[in-house]
2 protein chains.
Amino acid sequence: MVSVPLYQAKAEMFRTLGHPVRIRVLELLQDGPKPVRDLLAEIDVEASNLSQQLAVLRRAGIVTSFRDGALVMYMLSTPDVADLLAAGRRILGAVLTDRDGLLVELRAQGSTS
Amino acid sequence: MVSVPLYQAKAEMFRTLGHPVRIRVLELLQDGPKPVRDLLAEIDVEASNLSQQLAVLRRAGIVTSFRDGALVMYMLSTPDVADLLAAGRRILGAVLTDRDGLLVELRAQGSTS
DNA sequence: GGCCGAGTTGCGGTTTTCTTCAAGTCAGAA
DNA sequence: TTCTGACTTGAAGAAAACCGCAACTCGGCC
């Protein structure tokens, strides 16, 4: 709470998303709350590793967890996360088509060879 | 192109944004192309460091650069980046108010109590 | 040509993050 | 109570990211 520059908080948030397992988790949680068990079944990673990644998301406040009997459920803490993922998808699309068009590369390169 | 899973490409993109200097650069570039010189004047970081961060953004295809006389100009490679930053801002807001409002914690208890 | 401002690149040392393994908690079944 | 499935936590080595310094390229100017 002690004056964390805004752009640093933002950077931390994005860095939190910067991991394949964490991205997958968020995508799966878009459809609603899910127990760890289900995530584990779909993600192909060790249980302890998944748990660590979930902890990262939890600490960042992006997901919330609660216990339901023997299971632990996770859910997005805000639906805005879906927007972020969608925006990411769009950029990825834009960037990749640019690449295929390889106009960017040429302009950036100068005249070697 | 050797089958980079989509969610990994996404993760890389978010990780690319996960750095204070890079976030600042993108925010500054939202207003249009700028020479490195101007970025340097506003960001308070060593020239070489800024250059490294710009290289990271360039490699990810998020920004493009071109030379204008003695200056090197940078610009967003797609305006979609602005959406991403905006979505990030929203989530940050939601997460922070959630923290204060502690509603999530309550909901987290499920059917007990 | 020689010089200078504008950027970039390569190289190390330091700091973070990632990943696995082992051990521990918690809730329900036997 | 003991066992078992479902998760989490802690620790430690490996991998990756960061940062400053020095050296280098590229244009424009004298």
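Chain naming here is simple, since letters A, B, ... match the order of the sequence lines and numbering starts at 1 in each.
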How long is the span from the CG atom in B:Leu84 to the CD1 atom in A:Ile91, to the nearest 0.5 Å? 4.0 Å
Reckon B:His19 has a side-chain N or O less than 4.0 Å from the OP1 or OP2 of D:dC19? yes
Could you state the CZ-C1' distance from A:Arg15 to C:dT17, rounded to the nearest angstrom? 9 Å
Quick one: B:Leu40 CG to D:dC19 C1', roughly how many Å, whole number? 15 Å
Is a side-chain N or O of A:Arg22 found less than 3.5 angstrom from the main chain of A:Leu57, in a donor-acceptor match? no
Between D:dC18 (P) and B:Leu17 (CG): distance, integer Å: 12 Å
How close or far is atom C1' of D:dA6 from atom CG of A:Asp68, stated in whole angstroms? 13 Å
Nucleotide of D:dA6, D:dG20, C:dA27 approaching B:Glu46 most closely (side-chain heavy atoms): D:dG20
Starting at atom CZ of B:Phe14, determine the distance to atom P of D:dA17, rounded to an integer number of angstrom. 17 Å
Kindly indicate, with the supporting measurements, whether the criterion side chain to side chain contact (heavy atoms under 4.5 Å, CB included) is fulfilled by A:Arg24 and A:Val21. CA-CA 5 Å; A:Arg24 295 222 63 195; A:Val21 169; 5.7 Å; no
Between C:dC26 atom P and A:Arg37 atom CZ, what is the distance in whole Å? 21 Å
Are any protein N/O atoms closer than 3.5 Å to N/O atoms in nucleotides 8-13 of chain C? If there are, list each pair with its distance.
| from | atom 1 | to | atom 2 | distance (Å) |
| --- | --- | --- | --- | --- |
| C:dT8 | OP1 | B:Tyr74 | OH | 2.7 |
| C:dT8 | OP2 | B:Ser51 | OG | 2.4 |
| C:dT8 | O5' | B:Ser51 | OG | 3.0 |
| C:dG10 | O6 | B:Gln52 | NE2 | 3.4 |

Walk me through whether B:Glu12 and B:Arg59 qualify under salt bridge (Lys or Arg N to Asp or Glu O under 4.0 Å). CA-CA 11 Å; B:Glu12 274 167 29; B:Arg59 264 179 250 126; over 6 Å; no
Is there a side-chain polar atom (N or O) of B:Arg22 under 4.0 Å from OP1 or OP2 of D:dC18? yes
Mind calculating the distance between CG (A:Asp44) and P (C:dT20) to the nearest angstrom? 10 Å
Return the 5'-most residue of the pair B:Asp38, A:Gln53 with respect to DNA chain C, ranking by each residue's nearest nucleotide. B:Asp38
Under 4.5 Å between any side-chain heavy atoms of B:Asp38 and B:Tyr74, yes or no? no
Heavy-atom donor-acceptor pair, A:Ser77 side chain to A:Ile62 backbone, under 3.5 Å: yes
To the nearest angstrom, the CZ-P distance between B:Arg67 and C:dA6 comes to 12 Å
Does a salt bridge link B:Lys34 with B:Glu42, judged by any charged N lying under 4.0 Å from a carboxylate O? no
